[in-house]
2 protein chains.
Amino acid sequence: MRVSRAQAEENRRRVVETSSRLFREHGFDGIGIADLMKAAGLTQGGFYKQFASKEELAREASEQALEQNLAFWQRMREQGGEQAFTAFVERYLSATHRDAADRGCLLAACSGHTRHRAQPVRAVFSKAVEDYAGLLIEMKRQAGVEMSRPQALAVLSQIVGALMLSRAVDEPALSDEILQAAVARLTDDRR
Amino acid sequence: MRVSRAQAEENRRRVVETSSRLFREHGFDGIGIADLMKAAGLTQGGFYKQFASKEELAREASEQALEQNLAFWQRMREQGGEQAFTAFVERYLSATHRDAADRGCLLAACSGHTRHRAQPVRAVFSKAVEDYAGLLIEMKRQAGVEMSRPQALAVLSQIVGALMLSRAVDEPALSDEILQAAVARLTDDRR
DNA sequence: ATTATCTATAGATCTATAGATAATGC
DNA sequence: ATTATCTATAGATCTATAGATAATGC
């Protein structure tokens, strides 16, 4: 039953990884420890030998989701050159991202579930806002445009809001309209 | 124990009203039927004589929240004249609205909780997007500006996103910054 | 001997139902 | 007689813990 130390570490990592996806898909309260452990190929009993509480897992999984998703966009930015910002906006506000919340942006997937979370989880969301805003500023700089911090925060609100609304509504046509409207507003130079 | 038909109707209305506040505060899964009924001054047992399911209450409560909040902004619009849009944006993105989610906009309070709700609840969110977009267009028209539907949807994404992020983050200063950045972006004429 | 994971379970929820109670409304 | 609301509870969760099991690591 006992596994090697390296395997135990790998198992723990897999629980965090799997949870980061399942929390984004179902919300922190939308899935239980038994299902999270099962999805990672383990049973629920071992959970509290690895994590202090579900809240602690929520914090680690949120951090993981943030790091992973941000790293993805950073790679895209590095390859994007002057068009990085536009390419990012179009991809962030794509139907693909909308339909794969479990692999996507932490802010869009879980912002609605942080209100009654403990401080450590909420701190990750503060960091997420800072990190995404920084990413936007870098992308604009690559295009020779100096974007202020308030501008970056406003653009971030815009894309996160559009993605969340596109996921909340019932009608597919309206969902697409919301995404396209935000893309138009952010990429139209005549603004 | 039995009450008059009028009183029963009034009781039912109070359950919906109370739930519309408590769902916005805690999310649909964040509060149970026992607590909802207790907050309305009743006991849990009577619930299923009045409502088919918790999901049905969620739909009615969402509708109520939407109607009530929208009516509030409509009254403000009627009195606001040419400045109605600016006044709305400043008030929607105020610390007061951020700190009173239970009385505020349905979209900002509950959009993160609709993903796994049944179709009837999600339909209310589609209607909410349509209604708020219509409100924005009317406000702009009062200022002599013709706002397109895509523009209205983008502005709605902007304000909902900013309010949600301001509620999700941990640090008060960052929360205020997010709100102010969105206000600036929406009310600055040099855009 | 130590320990990672397992099975089993305590105790507290939650949604939904059953049947009792007591006041309305015919 | 009807019915709005009550108390009580079934059955299914959920978080967290206890103790057994069996493989690692000294």
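Mapping B:Tyr48 and A:Glu9 onto DNA chain C by nearest heavy atom places A:Glu9 at the nucleotide closer to the 5' end.
Residues satisfying the ring-ring contact (aromatic ring centres under 6.0 Å, His included) test with A:Phe88, not counting sequence neighbours, are A:Trp73, A:Tyr92. By the salt bridge (charged side-chain N to carboxylate O under 4.0 Å, His left out) test, A:Arg5 is found to be paired with no residue, residues two or more places apart in sequence or in another chain being considered.
When the C1' atom of C:dT7 is taken as reference, atom CE of A:Met37 falls 13 Å away, rounded to whole Å. A straight line from CZ of B:Phe47 to P of C:dT15 spans 9 Å, rounded to a whole angstrom.
Heavy-atom contacts from other residues, nucleotides or ligands closer than 6.0 Å to CZ of A:Arg91 number 12 or fewer.
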Output a table of nitrogen or oxygen pairs between the protein and nucleotides 1-4 of chain C separated by less than 3.5 Å.
{"from": "C:dT2", "atom 1": "O2", "to": "A:Arg2", "atom 2": "NH1", "distance (Å)": "2.5"}
{"from": "C:dT3", "atom 1": "O4'", "to": "A:Arg2", "atom 2": "NE", "distance (Å)": "3.4"}
{"from": "C:dT3", "atom 1": "O4'", "to": "A:Arg2", "atom 2": "NH1", "distance (Å)": "3.4"}
{"from": "C:dT3", "atom 1": "O4'", "to": "A:Arg2", "atom 2": "NH2", "distance (Å)": "3.3"}

Which protein N or O atoms sit under 3.5 Å from an N or O of nucleotides 9-14 of chain C?
none

Dot-bracket for DNA chain D, please, read 5' to 3', with Watson-Crick or G-U wobble pairs under 3.5 Å on both distances, ( ) within the strand, [ ] crossing, | other strand, . unpaired.
||||||||||||||||||||||||..
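The pair B:Glu67-B:Lys127 does not meet the salt-bridge criterion, since no charged nitrogen lies less than 4.0 angstrom from a carboxylate oxygen. Taking 4.0 Å as the cut-off between side-chain N and carboxylate O, B:Arg77 and B:Glu138 count as a salt-bridged pair. Between B:Arg21 and B:Glu17 there is a salt bridge, since a side-chain N of the basic residue sits under 4.0 Å from a carboxylate O of the acidic one. Taking a cutoff of 4.0 Å between a charged side-chain nitrogen and a carboxylate oxygen, A:Asp29 and A:Arg117 qualify as a salt bridge. In summary, A:Arg13 and A:Glu10 engage in a salt bridge, as defined by a charged side-chain N under 4.0 Å from a carboxylate O. Under a 4.0 Å N-O distance rule, the pair A:Arg12/A:Glu60 qualifies as a salt bridge. Between A:Glu55 and A:Arg59 there is no salt bridge, since no side-chain nitrogen of the basic residue lies less than 4.0 Å from a carboxylate oxygen of the acidic one.
To the nearest 0.5 angstrom, A:Asp131 atom CG is 8.5 Å from A:Gln74 atom CD.
Looking at every heavy atom in both residues, A:Ser157 comes nearest to B:Ile178 through OG-CG2, 3.7 Å. Across all their heavy atoms, A:Leu136 and A:Ala152 have their closest contact at CD1-O, 3.5 Å.
Contacts with DNA chain C (heavy atom under 4.0 Å) in residues 12-25 of chain A: none are found.
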